[in-house]
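Just the heavy atoms: all of them, side chains too, but no hydrogens, waters or symmetry mates, feed the values below. The sequence lines fix the lettering, A, B, ..., with proteins before strands; numbering per chain opens at 1. The structure displayed is predicted, hence computed values, not measured ones.
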Amino acid sequence: MKEESGEKEVLKTGKRGADFANALLHWNRTENHRQMPWKGEKDPYKIWLSEIMLQQTRVEQGLKYYQNFIEAFPNVHVLAAAPEAKVFKVWEGLGYYSRCRNLMTTASHVSNELNGIFPKTYEELLSLKGVGSYTAAAIGSFAYNLPCAVLDGNVFRVLSRIFGIEAPIDSTQGKKTFSALAQAILPKGQAGEYNQAIMDFGAMICKPSPLCDACFFQQKCTAYVEGKQSILPVKEKKTVLKKRWLNYFIVQCGDEVLVQQRLEKDIWHGLHQFVLIETKKTCKTKQLEVLFQKQYGLENYTIVDDWKTQQHLSHQSVCFHFVHVKLKRKKKVENYTWTKFSDVKELAFPRALQQIVASRLGV
DNA sequence: AATTCGGGGAC
DNA sequence: GTCCCAGAATT
């Protein structure tokens, strides 16, 4: 065995990495009782679906959606053949709706071009719409045991603490560092089990607020030894919140309401909404009525309700102002469609609007 | 390299 | 309130 100084660093990390990997696998086999429907799943369709749904989404939140999806679309051909509106409706409320659009694109691609068979290499998986480095590694390792290390929020947190790495996880250089480390300590031949284990470990033990006393690696963890759990992982960017004022006129006539699909490059792309007047600041109802009448030429209406709510998204704080009005007679309004309540309930709306559909538009 | 895409839960 | 979540696409 050579003991040259140049190799010592690599050897040291390598030994520690192997140490951690072995301890993690042992923990996984003896103490990890976390159960999820897709765990141990070998059907690439189900693995793919679960991974797309769980991007930036907690397991507890995605669970119900996964079950609904599998029931509605049991295989890739059914999903590919399903009407877009129906797929959106099942996705409704889960957020990040580009995932849903990409899901349909890839389902169609796999069903029609690939005979319903998902790719079996990392590069080909990566080429699928909505599949990035994490998801390609997850599908590859879970379905085919490909030696690809996953790198998600859990893995960043675990590795930064165990090895005391302070490179920012949201910088290009930091990502390269963590990616190389993750790949280096991945036990070849056990990639699937290891990837699952490290994410379970991050979700249950090495949480943002960690349970160090329950950790099998406590004494060997840099963060624990140096008391750095709370500063690791390091993030350098702060998200800036923008404020928006979305004023919605819920224009009703009988059992119909004016609805449109959001198609602009903005939040909730693909979902539906009521008659929108966006303003730069909060407005009184009277002011909104002026804009409403001017913009849409509607005058013979009665206001039956008027209320405000607020919703916080990752990058936006949205103030809603709703005005529910009733018309005596239907009138054509450009870009909006008169839609029966029963049909409205088949369409996907943003969360804040969905609640209105559920509670205020008849039974 | 920086921004933008939801919604919910933990703290 | 702030932070984070089985991230990816676009600019």
request  = Starting at atom NZ of K238(A), determine the distance to atom P of dT4(B), rounded to an integer number of angstrom.
outcome  = 17 Å

key: Pairwise 5' ranking along DNA chain B for Q173(A) and H269(A), keeping only the more 5' one   = Q173(A)

query = Which sits closer to the 5' end of DNA chain B, Q316(A) or Q355(A), going by the nucleotide each is nearest to?
reply = Q316(A)

request  = Using a 4.0 Å cut-off on protein heavy atoms (strictly under), produce a 5'-to-3' string for nucleotides 5-11 of chain C with B for base contact, S for backbone-only sugar-phosphate contact, and - for none.
outcome  = BBBSSSS

Nearest-angstrom distance, P atom, dA6(C) to dT4(B) = 24 Å

message = Under a 3.5 Å threshold, yes or no: a donor from one side chain and an acceptor from the other, between H77(A) and S111(A)?
response = yes

key: W268(A): partners by ring-ring contact (aromatic ring centres under 6.0 Å, His included), with sequence neighbours left out   = none

ask   = Going by atom types alone, do Y97(A) and E92(A) pair a side-chain donor with an acceptor below 3.5 Å?
value = no

Interatomic distance, R244(A) CZ vs dC5(B) P [rounded to whole Å] = 7 Å

task = Calculate the interatomic distance between F349(A) atom CZ and dG6(B) atom P; express it in whole Å.
result = 16 Å

remark   = When rounded to whole Å, the CD to P distance for the pair E236(A) and dC3(C) reads 15 Å

inquiry  = So that I can tick it off, tell me whether E256(A) and K330(A) are bridged by a salt bridge, with the cut-off set at under 4.0 angstrom between side-chain N and carboxylate O.
reply    = yes

ask   = Separation of H312(A) atom NE2 from dC4(C) atom P, in whole Å?
value = 18 Å

inquiry  = Measuring only the C1' atom in each nucleotide, how far is dC4(C) from dG6(B)? A whole number of Å is fine.
reply    = 13 Å

query = With sugar-phosphate meaning primed atoms plus P, OP1 and OP2, does K207(A) contact a base, only sugar-phosphate, or nothing at under 4.0 Å between heavy atoms?
reply = nothing

key: Between dC5(B) (P) and E264(A) (CD): distance, integer Å   = 11 Å

request  = Say whether, by atom type as modelled, one donor and one acceptor occur between the side chain of Q260(A) and the main chain of N335(A) under 3.5 angstrom.
outcome  = yes

Between dA8(C) and dG8(B) - P atom distance, rounded Å = 22 Å

ask   = So, is K237(A) near the phosphate of dT3(B), with a side-chain N or O under 4.0 Å from OP1 or OP2?
value = no

request  = Specify the separation, in whole Å, of atom OH of Y97(A) and atom P of dG8(B).
outcome  = 8 Å

request  = May I have all residue pairs that pass side chain to side chain donor-acceptor pair (under 3.5 Å) and include part of residues 158-183 of chain A, sequence neighbours excluded?
outcome  = E166(A)-K228(A)

Point-to-point distance, once rounded to the nearest 0.5 Å, from CG of L246(A) to SG of C319(A) = 8.5 Å

